[in-house]
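Hydrogens, waters and symmetry mates play no part in the numbers below; they use all other heavy atoms, side chains included. It should be emphasised that the depicted structure is a prediction, and the values quoted were computed from it without experimental measurement.
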2 protein chains.
Amino acid sequence: MLEYGNLRKNLNPHVSVDCVIFGFDFQELNVLLIEREEGYIEGNSSSKPARGALALPGDHIHEDEKLDQAGARVLKELTNLDNIFLEQFHAFGHPNRVKNEADRKWMKTIRAEPNARVITVAYYSLVRLDRYNPQASSFAKHAAWFPVSDIPELAFDHNLIVMRALEAIRRTLMNQPIGFELLPPKFTLSQLRRLYETILGKELEKRNFRRKILKKDFLIPLEEKQTGVPHKAARLFQFDKEKYESHQTEKYDFTF
Amino acid sequence: MLEYGNLRKNLNPHVSVDCVIFGFDFQELNVLLIEREEGYIEGNSSSKPARGALALPGDHIHEDEKLDQAGARVLKELTNLDNIFLEQFHAFGHPNRVKNEADRKWMKTIRAEPNARVITVAYYSLVRLDRYNPQASSFAKHAAWFPVSDIPELAFDHNLIVMRALEAIRRTLMNQPIGFELLPPKFTLSQLRRLYETILGKELEKRNFRRKILKKDFLIPLEEKQTGVPHKAARLFQFDKEKYESHQTEKYDFTF
DNA sequence: ATTCCAAAGTGTTAATATTACACTTAGTTA
DNA sequence: TAACTAAGTGTAATATTAACACTTTGGAAT
């Protein structure tokens with residue numbers, strides 16, 4: 001392994017984007033992981049991916065491409081989705097991010113020198129599971145959802161990146177109504193509450209949640225009701241982005 | 001200007017760090033800006049810097065250097081300060097960040113190709129003005145404090161970076177007690193309040209602020225009082241970091 | 001010594017927000 | 001038609017917020 005270190009040329013680092021794509025299946029929060037192309041891990045004939053064979057979708061930033069564009073491109077190539085919530089949250093650049101054999105080999109598949117340093121700009125994205133359609137992609141054999149509570153060992157420092165993304169999404173969830181990006185346009189209040197509970201990892205009292213979120217006044221109650229449930233059907237609501245943005249009033253309050 | 005565009009080689013982008021260093025003089029929030037070395041702006045003989053001659057302190061990331069280390073190094077070289085609050089907040093990578101003649105020429109002073117793309121990882125830092133001692137630095141002729149309310153035109157996209165840093169610091173100020181980094185170890189509650197007012201750009205009611213911040217229970221009241229003021233001397237307080245960190249209790253509350 | 005000045009320091013009340021908590025309703029399935 | 005399951009609802013006790021004005025203290029000026 002060490003032999004690579006001495007070969008490194010004095011070049012600028014590669015720069016990539018990686019996307020932590022979250023999806024919510026009404027039970028758990030999931031992350032979309034790709035299985036890297038076969039052939040770069042020796043002796044892996046089993047059907048389940050080898051340790052570290054899974055990774056976050058990512059790619060090098062193209063020349064003349066904005067960072068956000070690169071993120072959107074990766075997302076699009078993998079999911080065929082446009083106009084998706086996507087937010088940069090951190091750059092990762094430890095000089096030894098690319099450390100093991102498998103990672104180095106994979107570098108070639110993205111046309112990078114195997115010994116180069118890679119600095120990555122990480123994004124998190126929120127997609128509705130029902131909109132997601134797996135796409136053949138240049139950087140992935142398969143892609144699959146994994147619950148955040150049970151992420152396997154990933155390539156590079158991607159486990160760290162997922163953790164940081166989770167922290168970022170939790171922080172943001174309390175300050176901006178981003179949760180709606182993970183739900184269908186019409187949803188029940190219980191679905192919304194379960195989403196919050198899942199992301200925050202904490203139970204929320206039904207009546208208080210209901211009152212609190214309805215007071216915000218950006219949920220439009222519809223006449224429509226849930227169908228196909230074996231119990232009393234819940235009323236459906238819609239998120240009114242316009243209203244949220246107009247009502248926007250900066251609040252001064254210590255939360256520390 | 002256009003002639004540079006065609007010369008760009010197909011190389012990885014340069015990667016730099018830039019630091020938005022904030023200081024508080026009990027009146028205003030200030031940012032430390034450097035005046036770039038002379039000679040790269042033609043016909044600038046006046047004593048005050050030409051438009052765009054001012055910039056955020058920054059430098060390329062060294063090989064085998066972590067991003068945070070690079071930020072700390074830039075800070076240290078300019079201020080001779082160690083162990084200063086420093087936090088990454090965003091990466092900027094617009095392909096045309098380096099656009100004008102002066103910026104391109106300056107690239108050479110930091111040993112970069114003048115036509116290269118530069119992606120920068122931006123940090124904000126909070127320093128006590130009284131601790132700051134300007135240092136000769138490899139990338140700056142002078143450095144000087146400028147009030148955030150009156151930042152001149154800067155090099156590259158540094159005006160944008162300063163704005164984003166301000167937004168980041170405002171956000172963080174409400175969620176973590178970072179304000180103390182800008183005050184001397186012993187301070188009065190009025191000084192603390194004015195700091196908050198300055199950063200948030202909003203007046204805060206004296207009695208309510210006092211009650212609210214004291215209830216947090218991480219301010220140690222000292223027996224000592226302010227000296228040298230032409231009115232009743234205020235009691236001095238100290239921030240108790242230990243206590244803050246132990247009391248830390250995650251809070252669930254929508255602020256949107 | 002006395003007065004003046006400027007900011008420090010202090011308490012109450014009304015309105016609002018938060019928490020904790022249990023029963024009834026409605027739709028589906030057996 | 002009975003059983004099941006989640007939806008939907010209200011209240012009371014407590015805590016927090018916002019608005020508001022006067023007294024105290026120490027130094028500076030006369």
Q: Could you work out which one of D/dG8, C/dG27, C/dA8 sits closest to the side chain of A/H231?
A: C/dG27
Q: Round to the nearest Å and state the distance from A/K232 atom NZ to C/dG27 atom C1'.
A: 9 Å
Q.
If you compare every side-chain N and O of A/S190 against the phosphate oxygens of D/dA7 (OP1, OP2), does one of them come in below 4.0 Å?
A. yes
Q: Rounded off to whole Å, could you give me the OH-to-P distance for the A/Y252 and D/dA19 pair?
A: 12 Å
Q) So does B/K202 pair up with B/E197, basic N to acidic O under 4.0 Å? A) no
Q) Closest to the B/E205 side chain: C/dG9, C/dT28, D/dC20? A) D/dC20
Q: Report the distance from atom CD1 of A/I213 to atom P of D/dG8, rounded to the nearest whole Å.
A: 15 Å
**Q.** A/F254 ring center near B/Y196 ring center (under 6.0 Å)
**A.** yes
Q) For A/R235, which contact category applies under a 4.0 Å heavy-atom criterion: base, sugar-phosphate, or nothing? A) sugar-phosphate
Q: Looking only at side-chain atoms of B/R207, point me to the closest of D/dA6, D/dT17, C/dG11.
A: C/dG11
Q. Just how far, in rounded Å, is P of D/dA18 from NZ of B/K215?
A. 11 Å
**Q.** Rounded distance (Å) that lies between atom C1' of C/dT18 and atom CZ of A/F209
**A.** 15 Å
Q: Nearest whole angstrom, please: distance from the C1' of C/dA8 to the CG of B/L192.
A: 15 Å
Q: With DNA chain C as reference, determine whether B/R194 or A/V229 sits nearer its 5' end, using the nearest nucleotide of each.
A: B/R194
Q) Out of D/dA7, C/dG27, D/dA18, which has the shortest distance to the side chain of A/K225? A) C/dG27
Q) Should B/R170 and B/E167 count as an ion pair when the cut-off is N to O under 4.0 Å? A) no
Q.
I want to confirm an ordering. Mapping A/A233 and A/R211 to their closest nucleotides on DNA chain D, which one lands closer to the 5' end?
A. A/A233
Q. When we call it a touch if two heavy atoms are under 4.0 Å apart, what does A/Q226 touch: a base, just sugar-phosphate, or nothing?
A. nothing
Q) Has the side chain of B/K206 got a donor or acceptor that lies under 3.5 Å from a partner of the other kind on the base of C/dA8? A) yes
Q | Whole-Å distance separating the NZ atom of A/K202 from the P atom of C/dT19 | A | 10 Å
Q | Check: B/F218 ring centre within less than 6.0 Å of B/F239 ring centre | A | yes
Q: With DNA chain C as reference, determine whether B/R210 or B/D253 sits nearer its 5' end, using the nearest nucleotide of each.
A: B/R210
Q. Between A/K216 (NZ) and C/dT18 (P), how many Å, whole number?
A. 7 Å
(Q) Measuring from the side chain of A/N208 (C-beta onward, heavy atoms only), which nucleotide among C/dA7, C/dC21, D/dG8 has the closest atom? (A) C/dC21
Q. When we call it a touch if two heavy atoms are under 4.0 Å apart, what does B/T188 touch: a base, just sugar-phosphate, or nothing?
A. nothing
Q. Is a salt bridge present between B/R128 and B/D130, judged by a nitrogen-to-oxygen distance below 4.0 Å?
A. yes
Q. Hey, are B/E205 and B/R207 close enough for a salt bridge, meaning a charged N less than 4.0 Å from a carboxylate O?
A. yes
